[in-house]
*Asks:* 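My questions all concern the structure below.
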Amino acid sequence: MTTQQQIEALRSELREHNYNYYVLDNPTITDYEFDMKLKELQELEAKYPEYYDQASPTLRVGGMVTKNFETVVHDHRMYSLDNSYSKEDLEDWEKRIQRVLGDVMVEFTCELKYDGASISLTYENGQLLRAITRGDGTQGDNVTTNVKTIKSVPLRLKGNYPEKFDIRGEIVLPFEGFAKMNEVRVANGEDPYMNPRNTASGSLKLQDSTLVAQRPLDCLLYGIVGEGTGIATQWEMLQKARDWGFKVPTVAKLCKTTQEVIDFVDYWDVHRHDLPYETDGVVIKVNSLQQQDELGFTSKSPRWAMAYKFKAEQVSTVLHEITYQVGRTGAITPVANLQPVLLAGTTVKRASLHNADQIAKFDIREGDTVFVEKGGEIIPKIIGVDFSKRPVDSSPTAYITHCPECHTELVRTEGDAKHYCVNYYGCPPQITGRIQHYISRKAMDIEGMGSETVELLFKEGLITNYADLYELTKEQIMPLERMAEKSAENLVQGVAASVQIPFERVLFALGIRFVGETVAKKLAKAYKNIDALMAASEAELTAVDEIGERIAQSVVEFFENDANRTIIDRLKGYGVQFAISEEQLANQTDKLQGLTIVVSGVFETFSRDALKKLIEENGGKVGSSISSKTSYLVAGDKMGPSKRTKAEKLGVPIISEQEFLHLVV
């Protein structure tokens, strides 16, 4: 046997032993024997570097250091899930599904919702290409080096797998491993970690992969995304993933009725505490991928999936004080400052009270003993008061009348739940809040700058609005606290690089009230440049698809303000993108203006996403379901029969992929 053959044989044997131990939980050799074989391979690889393999089992021990984690755009967006908390919620969801699909059989897969750090793994030709955190769903951080150290993540796949695909899952920390980590920390005189989920998430961003390799992280997979996978159902997807070497939990069930789903939920609500991992609910998915395609997505979530959350943990504690926060729009949020209490694995000290109406509804007062739970086990909220423990000298809460920061009298308009500070340009939290929004990842994504840096720059008088960022110099920044020469350079370079951010994200970054990401895209597409948008009237704005009176009024008010116009003029001078690029404009026409087009099925020339993009680029609107307002149904292979039936019933023209292309060519 040649040296190369010896190395390959060892790699193959170690991969199989690793799979048996970490995925199947069925080791066939002792830990000592495994370590000896691994050591032998390490020595051979060190001696013969020409036989390097990026999928070698030796890479799992770590050793590489990542100073900065690269931001990567997901090939396929990672959507969040809608939540349900009752049988009625699930039944309503099923009715919505049936309205779209028609009178057809719908099966559901039920899987436990493991509470960890979401991850997307990309495989090409059977090898792990990259691992990206969920981030904001559109882009995340490249943590490939750290994920390679997780033993249950296959570096090379088994069997007959697609050429390229993404697989999604959760990086989790089992209870047993978490307990052992805390034993070591306590023995070393360090504070214990608070909960497995946050510890798992934090592990992925450690700079030294050797430290990650020492943590008993696990990776549980649940969903494959990609073209040409040859998979027809979610249930088949789970089995295929197991066959290719992934660790896919066996706790799953194929259900034919909502009652079967409820039975699964009820069982695991009780027995989840017997599992080795944290869980916070059940994920229910329409089993057929064809039906999933017909149902499609909202702007945030798939219509074909629902997360049923287990009942939230609840505790009681004392509310010491109600304080008030000022947001970037001037909205006032009351905050309950609590006696620290352990809730769902974390210490809770504060909870949002939302607005004056909620305080009045529950008659919440300082000094009360209140009941606290985590909404969806994420955000702490007060759900009631223990009146039996109310102090005898208690008095009702008087909501503040003036801004806690600038002392301007608060305003509350009819129909609005919140109070507002109207001192838009003089209230410090509003000023810094707008700048923090401007630099955020979904907006201008300015590297080297965070919320604390913005606060510091404002405090030192270096910035009073986001246009000031473009005049900052390294010499101004370096003397500031925690600012070395390199960090000052990175900040200035990050600001300079932001002039490449496209118009729709700049529009979102401006922080116009009610103009979120989706609205910003619609306005940018409709008006093409900032000057046209600034000249638009309320009536013209409401004529744009999905732009209502409230948004239109807010946009007009923003641009009527002289200070805002001055800032925009300054940003133009710095080179910020205030128009759709020539390249984007070249791809846009009005050929489909006023048309709503639904795309369904599998196509030969373009993917569904590419067809939808063509519709939008040519002025049309992509519909998610057939209605009387649908202009065309573009029908591909394997399209669901319910859509065809509904289109025929409503008289909606059904066209082929080629017929659609003739509309836009």
Side-chain angles (χ1 to χ4, degrees), residues 75-77 79 96-109 123-124 160-168 223-241 243-244 254 285-298 302-305 591-592 595-618 620-627 629-665:
D75 289 338
H76 306 277
R77 181 175 165 184
Y79 286 86
R96 293 196 297 273
I97 287 171
Q98 292 289 5
R99 279 199 296 270
V100 175
L101 297 180
D103 188 20
V104 297
M105 173 67 73
V106 179
E107 291 183 328
F108 302 96
T109 57
Y123 284 81
E124 191 167 13
N160 186 21
Y161 40 78
E163 183 178 337
K164 186 177 181 181
F165 64 93
D166 292 350
I167 185 165
R168 271 72 191 268
I224 294 168
V225 184
E227 301 289 335
T229 61
I231 298 171
T233 67
Q234 172 67 17
W235 192 256
E236 181 189 356
M237 182 187 294
L238 298 177
Q239 187 53 55
K240 288 278 190 185
D243 293 343
W244 299 336
L254 187 59
K285 302 173 185 172
V286 170
N287 188 42
S288 164
L289 299 194
Q290 179 181 311
Q291 290 177 347
Q292 287 185 13
D293 175 52
E294 283 197 62
L295 291 163
F297 299 82
T298 67
R303 291 190 178 91
W304 43 263
K591 291 180 180 179
L592 304 180
L595 301 180
T596 298
I597 301 174
V598 174
V599 178
S600 184
V602 179
F603 299 90
E604 294 181 4
T605 309
F606 291 93
S607 68
R608 282 188 304 280
D609 288 342
L611 288 174
K612 290 175 180 178
K613 187 178 179 183
L614 275 173
I615 292 169
E616 291 179 339
E617 286 177 345
N618 287 277
K621 177 183 177 182
V622 177
S624 58
S625 59
I626 304 292
S627 73
K629 295 181 180 179
T630 304
S631 307
Y632 293 102
L633 168 61
V634 184
D637 188 31
K638 298 180 182 178
M639 182 182 75
S642 61
K643 276 193 174 166
R644 180 177 293 278
T645 301
K646 192 166 185 180
E648 290 172 346
K649 183 179 177 181
L650 294 172
V652 174
I654 302 172
I655 60 176
S656 68
E657 180 183 12
Q658 292 306 315
E659 287 172 319
F660 166 75
L661 293 176
H662 285 311
L663 293 176
V664 296
V665 171

*Asks:* Run the side-chain contact (heavy atoms from CB on, under 4.5 Å) test against Val100 and tell me which residues pass, sequence neighbours left out.
*Replies:* Leu295, Ser625
*Asks:* With sequence neighbours left out, what residues match Gln290 under side-chain contact (heavy atoms from CB on, under 4.5 Å)?
*Replies:* Ser288, Glu294, Lys638, Pro641
*Asks:* Is it the case that over 12 heavy atoms from other parts of the model lie below 6.0 angstrom from the CD atom of Glu163?
*Replies:*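 Count not over threshold, so no.
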*Asks:* State, yes or no, whether a side-chain contact exists between Phe660 and Leu614 at a heavy-atom distance under 4.5 Å.
*Replies:*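 Yes, close enough: below the 4.5 Å cut-off.
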*Asks:* So, taking the atom named CG in Leu663 and the one named CG in Asn618, what distance separates them when rounded to the nearest 0.5 Å?
*Replies:* 9.5 Å
*Asks:* So which atom in Leu254 and which in Trp235 form the shortest heavy-atom distance, rounded to 0.1 Å?
*Replies:*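 Looking at all heavy atoms of both residues, the closest pair is N-CZ3, 3.5 Å.
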*Asks:* Can you tell me if Lys591 has over 12 outside heavy atoms packed within less than 6.0 Å of its NZ?
*Replies:*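 Check passes, neighbour count above 12.
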*Asks:* Do you know the tightest heavy-atom contact between Leu289 and Ile231?
*Replies:*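 Heavy atoms of Leu289 and Ile231 come nearest at CD1-O, 3.3 Å.
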*Asks:* Report yes if the distance between the aromatic ring centroids of Tyr123 and Tyr161 is under 6.0 Å, otherwise no.
*Replies:*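 No, the ring centres sit 6.0 Å or more apart.
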*Asks:* Just so I know, are the side chains of Gln234 and Val286 near enough to count as touching, which here means a heavy-atom distance under 4.5 Å?
*Replies:*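 Of all side-chain heavy-atom pairs linking Val286 with Gln234, none is under 4.5 Å.
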*Asks:* Just jot down the salt bridge (Lys or Arg N to Asp or Glu O under 4.0 Å) partners of Lys621, sequence neighbours excluded, or say none.
*Replies:* Asp545, Glu546
*Asks:* Might you point out which heavy atoms bring Pro302 and Phe297 nearest each other, and give the distance in Å?
*Replies:*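 That would be CA-CD2, 3.5 Å.
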*Asks:* Does Glu616 have any side-chain contact (heavy atoms from CB on, under 4.5 Å) partners at least two apart in sequence or in another chain, and if so, which?
*Replies:*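 Testing Glu616 for side-chain contact (heavy atoms from CB on, under 4.5 Å), a comparison that skips the adjacent residues, returns Lys525, Val622.
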*Asks:* What verdict does the side chain to side chain contact (heavy atoms under 4.5 Å, CB included) test give for Tyr632 and Val598, after you've listed the backbone C-alpha separation in whole Å, the side-chain angles of each residue and the deciding distance to 0.1 Å?
*Replies:* CA-CA 6 Å; Tyr632 293 102; Val598 174; over 6 Å; no
*Asks:* Find the distance between OG1 (Thr233) and CG (Asn287) and round it off to the nearest 0.5 Å.
*Replies:* 4.5 Å
*Asks:* Only counting residues at least two apart or in another chain, list the ones meeting side-chain contact (heavy atoms from CB on, under 4.5 Å) with Pro162.
*Replies:* Phe165, Thr229, Trp244
*Asks:* Among all residues two or more places apart in sequence or in another chain, which pass the salt bridge (Lys or Arg N to Asp or Glu O under 4.0 Å) test with Asp293?
*Replies:* Arg608
*Asks:* Is there side-chain contact between Ile626 and Leu633, with heavy atoms separated by less than 4.5 Å?
*Replies:* yes
*Asks:* Enumerate the side chain to side chain donor-acceptor pair (under 3.5 Å) contacts for residues 647-665, please, sequence neighbours excluded, ordered by first and then second residue.
*Replies:* Thr605-Gln658, Ser656-Glu659
*Asks:* Kindly give the heavy-atom pair with the smallest separation between Met639 and Ser600, and that separation in Å.
*Replies:*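 That would be CG-OG, 3.2 Å.
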*Asks:* Just to verify, what does Asp243 make a side chain to side chain donor-acceptor pair (under 3.5 Å) with, not counting sequence neighbours?
*Replies:*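 Applying side chain to side chain donor-acceptor pair (under 3.5 Å) to Asp243 gives Gln239.
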*Asks:* Quick one: are Leu101 and Trp304 in side-chain contact, heavy atoms under 4.5 Å?
*Replies:*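 Contact flag for Leu101/Trp304 side chains = no.
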*Asks:* Take Arg303 and Ile97 through the side chain to side chain contact (heavy atoms under 4.5 Å, CB included) test and state the conclusion after the steps.
*Replies:* CA-CA 8 Å; Arg303 291 190 178 91; Ile97 287 171; over 6 Å; no
*Asks:* Tell me the closest heavy-atom pair linking Ser631 and Pro653, and the distance in Å.
*Replies:* O-CD, 3.2 Å
*Asks:* Applying side chain to side chain contact (heavy atoms under 4.5 Å, CB included), run through Val634 and Phe603 and close with a yes or a no.
*Replies:* CA-CA 10 Å; Val634 184; Phe603 299 90; 3.8 Å; yes
*Asks:* Only counting residues at least two apart or in another chain, list the ones meeting salt bridge (Lys or Arg N to Asp or Glu O under 4.0 Å) with Lys285.
*Replies:*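 By the salt bridge (Lys or Arg N to Asp or Glu O under 4.0 Å) rule, Lys285 matches Glu111.
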*Asks:* Tell me, do Val599 and Ile615 make a side-chain contact under 4.5 Å, heavy atoms counted?
*Replies:*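 Yes; the side chains approach each other to less than 4.5 Å.
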*Asks:* Quick one: closest heavy-atom pair of Arg168 and Val225, and the distance?
*Replies:*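 Distance-wise, the nearest heavy atoms are NH1-CG2, 3.5 Å.
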*Asks:* Check the pair Asp166 / Ile224 against side chain to side chain contact (heavy atoms under 4.5 Å, CB included), numbers first and verdict last.
*Replies:* CA-CA 6 Å; Asp166 292 350; Ile224 294 168; over 6 Å; no
